[in-house]
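Just below is one structure, and these are the notes that go with it.
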Amino acid sequence: MALLERKDMADVNNNNNNNSSTGTEVSSNMTIYINNLNENIKIDELKKALHAVFSQFGKILEILAFKTLKHKGQAWVVFEDVQSASNAMRQMQSFPFYDKPMRIQYAKTKSDIVAKADGTFVPREKRRRHEEKGKKKKDQHDTNQVGVGLTPAYGGAYGTTPPLSQIPYLGGVKSMVPEAPAPPNNILFIQNLPNETTTMMLQMLFQQYTGFKEVRMVETKPGIAFVEYGDEMQSTVAMHALQGFKLQQYSMLITYAKK
DNA sequence: AGCACA
């Protein structure tokens with residue numbers, strides 16, 4: 001899966017522009033800057049969902065997002081190393097997240113948490129404050145149903161995820177693959193989910209596919225869920241699209257539900 | 001659209 005290697009190790013610790021000709025390129029950075037995020041998602045939920053989806057690329061030191069006008073729809077995900085950030089950027093580029101494709105770039109500057117770690121941190125006022133000129137405000141409203149409360153499932157410890165991707169295959173599921181594949185069904189059976197998974201997170205992933213009806217989780221059985229579509233063709237498309245999708249270090253296993 | 005350090 002790590003089929004993308006880069007020259008990134010060279011400039012891990014500086015933010016020089018590599019490409020001064022275009023002015024559009026930003027040097028690699030341990031932090032990715034994401035925009036085009038759905039602005040209706042509450043910050044807390046947004047951060048959790050981002051963590052769920054990005055922790056597969058490496059240890060996340062911090063996720064920053066703000067709800068101010070100037071910073072809505074944007075987030076910074078700080079990884080432990082550039083390689084993780086690079087992989088995250090490439091692999092999740094344009095990923096549909098709450099109905100909108102993520103736009104991911106390297107952050108322009110080093111994150112404070114990183115600067116503090118390497119001793120180069122300088123307090124705020126020394127830095128270039130970004131001044132903003134008046135802008136016309138356009139409407140922004142997406143209407144999707146993601147406003148339901150989310151339990152504070154994370155231990156808050158972003159740093160507890162194992163190092164990089166090549167994590168064996170976390171078990172926890174009895175019969176990982178059924179002997180014979182179940183016959184097609186408009187209901188999908190999802191296994192091997194992390195315990196922290198919420199209905200909202202799954203909805204976010206599955207509702208992008210046509211025919212999505214609902215997600216059902218079974219409180220008494222963590223790690224599994226059912227996702228219903230209008231018909232078998234629709235559920236099949238979603239199954240193939242999301243098969244093996246990683247939430248934290250867990251790879252989703254999707255099969256048709258038994259009838 | 002919008003690159004911060006809640």
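Throughout, a chain's letter reflects where its sequence line sits, starting with A, and its residues are numbered from 1.
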Just compare B:dA4, B:dG2, B:dC5 and give me whichever is closest to any side-chain atom of A:T31. B:dA4
I want to verify a distance call: between B:dA6, B:dC3, B:dC5, whose nearest atom is closest to the A:S111 side chain? B:dC5
Atom-pair distance ([atom1] on [X]; [atom2] on [N]), nearest Å:
| X | N | atom1 | atom2 | value |
| --- | --- | --- | --- | --- |
| A:Y33 | B:dA4 | OH | P | 8 Å |
| A:N36 | B:dC3 | CG | P | 14 Å |
| A:I60 | B:dC5 | CD1 | P | 20 Å |
| A:L64 | B:dC5 | CG | C1' | 5 Å |
| A:E45 | B:dA6 | CD | P | 22 Å |
| A:E39 | B:dG2 | CD | P | 12 Å |
| A:I32 | B:dC5 | CD1 | C1' | 16 Å |
| A:K108 | B:dA4 | NZ | C1' | 11 Å |

Between A:G73 and A:K67, who's closer to the 5' end of DNA chain B by nearest nucleotide?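 Final value for this comparison: A:G73.
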Residue whose closest nucleotide on DNA chain B lies nearer the 5' end, A:T68 versus A:W76: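 Looking at the nearest nucleotide for each, A:W76 comes out on the 5' side.
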Answer yes or no: does a side-chain N or O of A:K70 lie under 4.0 Å from OP1 or OP2 of B:dA4? yes
Looking at A:Y33 versus A:Y106, is the centre-to-centre ring distance below 6.0 Å?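 No: the rings miss the under 6.0 Å criterion.
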State whether a side-chain donor-acceptor pair under 3.5 Å links A:T236 with A:Y256. yes
Please name all residues satisfying side chain to side chain donor-acceptor pair (under 3.5 Å) with A:Q234, sequence neighbours left out, ordered by chain then number.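 Here no residue qualifies.
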If the condition is side-chain contact (heavy atoms from CB on, under 4.5 Å), which residues does A:I104 pass it with, not counting sequence neighbours?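 Here the qualifying residues are A:I32, A:I34, A:F54, A:M89, A:M92, A:Q93, A:M102.
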Give the minimum heavy-atom separation between A:E45 and A:M200, together with the two atoms involved.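 Answer, listing the atom of A:E45 first, then A:M200: OE2-CB, 4.0 Å.
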Does B:dA4 have A:F66 stacked on its base, where the ring centres are within less than 5.5 Å and the planes differ by under 30°?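 No, A:F66 does not stack on the base of B:dA4.
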